[in-house]
Amino acid sequence: MIGHLIALLFLGRDLAHREHLKAQGPGSFARHKALNDFYINIIELADNLAEAYQGRQGKPISEIPLLENKGDGEIAEQLRKQLDWIEANRYEAVKKTDTPLQNIIDEICGEYLSALYMLSLK
């Protein structure tokens, strides 16, 4: 499950980076900047989570799948679906009592929420 969570963060980063590069037209700077911040920050958080998890387990994560984007629609909708999955599955990926790792997941959720807010601004 942890491998899927990391893979989902990688996918979120890729989607945000692609949309960041496509942002153009009036009012697009805020969108461009919000997506830039998200894709930079989320990959760092994914790396932090993976390394901390591996430190806790004393071994590497055995598999991080390569996920395909099966969703369509606006980037905000896709990020919202990813956040919903993370919030629904976080305690299966990492024990609820493992507070250092759960703290990193909290930061990940916060990054998604910030991006969603910034993307909602017109």
- Fit a plane to each ring of His20 and His32, take the angle between them on a 0 to 90° scale, and name the class: parallel (under 30°), tilted (30 to 60°) or perpendicular (over 60°).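 Plane angle under 30°, so parallel.
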
- Give me the ring orientation class for Tyr112 and Phe38: parallel if the planes are under 30° apart, tilted from 30 to 60°, perpendicular past 60°.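 Geometry flag for Phe38 against Tyr112: perpendicular rings.
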
Drop me the distance from [X]'s [atom1] to [Y]'s [atom2], to the nearest 0.5 angstrom.
X      : Y      : atom1 : atom2 : value
Ile104 : Glu51  : CD1   : CD    : 9.5 Å
Leu121 : Arg31  : CG    : CZ    : 12.0 Å
Leu79  : Leu116 : CG    : CG    : 5.5 Å
Leu5   : Ile64  : CG    : CD1   : 10.0 Å
Glu111 : Asn41  : CD    : CG    : 4.0 Å
Leu49  : Ile6   : CG    : CD1   : 4.0 Å

- Item | Sole residue of Ile43, Asn36, Asp37 in side chain to side chain contact (heavy atoms under 4.5 Å, CB included) with Ile40 |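 For Ile40, the side chain to side chain contact (heavy atoms under 4.5 Å, CB included) test succeeds with only one of Ile43, Asn36, Asp37, which is Asn36.
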
- Task: Have a look at Gln78 and tell me which of Leu83, Leu11, Leu15 forms a side chain to side chain contact (heavy atoms under 4.5 Å, CB included) with it.
- Result: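 Considering Leu83, Leu11, Leu15, a side chain to side chain contact (heavy atoms under 4.5 Å, CB included) with Gln78 is found only for Leu15.
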
- Message: Any carboxylate oxygen within less than 4.0 angstrom of a Lys/Arg side-chain nitrogen, looking at Arg80 and Glu77?
- Response: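 Salt bridge: no.
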
Which pair of heavy atoms, one from [X] and one from [Y], lies closest together, and at what distance?
X      : Y     : result
Pro100 : Arg56 : CG-NH2, 3.7 Å
Gly12  : Gln82 : CA-OE1, 3.3 Å
Pro65  : Ala7  : O-CB, 3.0 Å
Gly3   : Ile61 : CA-CG2, 4.1 Å

- Inspect the surroundings of OH in Tyr91 and state if more than 12 heavy atoms from other residues, nucleotides or ligands are less than 6.0 Å away.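 Result for OH/Tyr91: enclosed.
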
- Please check if atom CD in Gln57 has more than 12 non-hydrogen atoms from other residues, nucleotides or ligands closer than 6.0 Å.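 Atom CD in Gln57 is packed in, count exceeds 12.
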
Within the structure provided, determine whether [X] and [Y] are in side-chain contact (heavy-atom separation under 4.5 Å).
X      : Y      : value
Leu101 : Tyr53  : yes
Tyr39  : Asp14  : no
Arg90  : Asp106 : yes
Ile86  : Leu8   : yes
Leu119 : Glu74  : no
Met118 : Lys33  : no
Glu44  : Asn48  : yes

- Is Leu21 reachable from Phe29 through a run of I, L, V, M, F, W or Y residues, each pair having side-chain heavy atoms under 4.5 Å apart?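 Hydrophobic grouping puts Phe29 apart from Leu21.
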
- Message: So does Val94 get a backbone contact from the side chain of Gln102, meaning a donor-acceptor N/O pair under 3.5 Å?
- Response: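 Side chain of Gln102 to backbone of Val94, a donor-acceptor pair under 3.5 Å: yes, one is there.
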
